[in-house]
**Student:** 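Okay, handing you the structure first.
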Number of protein chains: 2
Amino acid sequence: MEELTARQREVLEVILAGVEQEGRFPAMREIAGRLRLSSPATVFQHLEALAAKGFLRRGGGRWSLSPRSRRDRGVPIAGRVAAGHPLTAFEEIDGYLTPEFIGARRGRFSVRVRGESMRDEGILDGDYVVVDPEAEAGDGDLVVAYLGPDQEATVKRLRRRRGGLELHPANPEYGVLRVPRGDPHFRVAGRVVGLLRRM
Amino acid sequence: MEELTARQREVLEVILAGVEQEGRFPAMREIAGRLRLSSPATVFQHLEALAAKGFLRRGGGRWSLSPRSRRDRGVPIAGRVAAGHPLTAFEEIDGYLTPEFIGARRGRFSVRVRGESMRDEGILDGDYVVVDPEAEAGDGDLVVAYLGPDQEATVKRLRRRRGGLELHPANPEYGVLRVPRGDPHFRVAGRVVGLLRRM
DNA sequence: AAAGATACCGAACATTTGTTCGGTAGGCAA
DNA sequence: TTGCCTACCGAACAAATGTTCGGTATCTTT
């Protein structure tokens, strides 16, 4: 399909930023302001061009994004970074950091890790772990479990033992938690399938 | 924070559907139509309630989503997970894990970590780190650097020292790398702003 | 040199928008 | 019973919106 001009891409960029950050389609005079244009008519022409090329849709005096202008590619993952500037060629890209790559699926959720009990497995205080509640949690799996009457969430490694379960930390300063079979306050939320950290 | 009534949630649902599928904030009469309401004034009241509870924002006669109501196909972050099934209501969600959450933006990229040299800071072999090439890398910052004639990428902590720079690992089994001032093969790719691990 | 895009302007206009007002009705707690 | 909250209505209005029109300037292509 047809390509966009540099200016048209700028206009689309402003629109996408508005939708992604504010959750609304910017008004023409708003777009004009951002691009230092003084007439909404100029923006109107750009929108018409973008619609003609399939990036926007028009319906009853209102504009909306078409599926093709939605960007879900995320950030490129550098495969082999050779000399010079990285990421100038497609061959050097292994993929993209997308929500799917992070582990976004229906039914999953995430919990913020508290404490240093899993430090030796590289899970630190403040990290976010992605939990799959539908994944079968077997012996040796990393899980999020709810403990005690307060249903406090904790991340530990699960061990199946005679008479019940054990939750193993990865830090010698913490002890193993033993859960007797049939403990009404114990519940495994799911298996940990990913981890995110902001720095 | 305050809870939503059943009807208010329905209104928010219609708005979110509009933003996600069409990329625009639905007009009040549009929302009214979807919910079989005959007056925009009714919708207006709902929007005011949603704004008062922090789910929407109002600015100069226009409505937009607030960060807390955004769900852009990421992983929901469980705020307080009580007994029963988690994450059935908006109130229990603190936000969403997205690529942006760990710093993924335009101009940034990510690199897969090789080796165990940063193990004691919770960065393991196979992790992905997000790199900001434009961020100033100062003393003590975690950086990705390219070393030697092969321009091998490495993650280390940067230290400015007399006569040059040092790259410090976080693992006693590895040694400090000293980079003389003016080394033609040395280049800092950027500062590490986030981390992702798949398990 | 002419033709055709692209990019922009300012003014004007009809429509749509958000917003206000007064009023009805049901549920629930004091 | 009296309040208070939520939910809804229809009419009306000022403001913001999309849109049209005529016109200029700068490119590149024919």
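Residue numbers begin at 1 in each chain, while the letters A, B, ... track the order of the sequences. The figures that follow rest on heavy atoms only: side chains count, while hydrogens, waters and symmetry mates do not.
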**Student:** Is the shortest side-chain N/O distance from B:His46 to OP1 or OP2 of D:dT6 below 4.0 Å?
**Tutor:** no
**Student:** At under 4.0 Å between heavy atoms, what does B:Arg29 touch on the DNA or RNA strands: base, sugar-phosphate, or nothing?
**Tutor:** base
**Student:** If you look at every heavy atom in B:Arg108 and B:Pro133, which pair is closest and at what distance?
**Tutor:** CA-CD, 4.0 Å
**Student:** Describe the nucleic acid contact of B:Gln45 in one word from base, sugar-phosphate, nothing, applying a heavy-atom distance below 4.0 Å.
**Tutor:** base
**Student:** Assuming nearest nucleotide by heavy-atom distance, tell me which of B:Ser38 and B:Gly61 is located more 5' along DNA chain D.
**Tutor:** B:Ser38
**Student:** For D:dT17 and B:Arg62 - does any side-chain N or O of the residue sit under 4.0 Å from the phosphate oxygens OP1/OP2?
**Tutor:** yes
**Student:** Applying a 4.0 Å non-hydrogen cut-off, can you work out what B:Ala49 is touching in the nucleic acid: base, sugar-phosphate, or nothing?
**Tutor:** nothing
**Student:** Would you call B:Arg7-B:Glu10 a salt bridge at under 4.0 Å N-O?
**Tutor:** yes
**Student:** How would you label the contact of A:Leu47 with the nucleic acid (heavy atoms, under 4.0 Å): base, sugar-phosphate, or nothing?
**Tutor:** nothing
**Student:** Considering just the side-chain nitrogens and oxygens of B:Trp63, establish if one lies under 4.0 Å of OP1 or OP2 belonging to D:dA16.
**Tutor:** no
**Student:** Assess whether one donor atom and one acceptor atom, taken from the side chain of A:Arg58 and the base of D:dG18, lie less than 3.5 Å apart.
**Tutor:** no
**Student:** Classify A:Ser39 by what it touches in the nucleic acid, base, sugar-phosphate, or nothing, heavy-atom distance under 4.0 Å.
**Tutor:** base
**Student:** Over how many whole Å does the gap from A:Phe44 atom CZ to D:dG23 atom P extend?
**Tutor:** 19 Å
**Student:** In whole angstrom, what separates B:Arg24's CZ from C:dT17's C1'?
**Tutor:** 13 Å
**Student:** Salt bridge or not for B:Lys53 and B:Glu48, using N-O below 4.0 Å?
**Tutor:** no
**Student:** Remember a base hit wins even if backbone is also touched, and classify B:Thr42 as base, sugar-phosphate or nothing at under 4.0 Å, heavy atoms.
**Tutor:** base
**Student:** Tabulate below the donor-acceptor pairs under 3.5 Å that side-chain atoms of residues 134-145 of chain A make, not counting sequence neighbours, or state none.
**Tutor:**
{"residue": "A:Asp139", "atom": "OD1", "partner": "A:Arg160", "partner atom": "N", "Å": "2.7"}
{"residue": "A:Asp141", "atom": "OD2", "partner": "A:Gly138", "partner atom": "N", "Å": "2.9"}

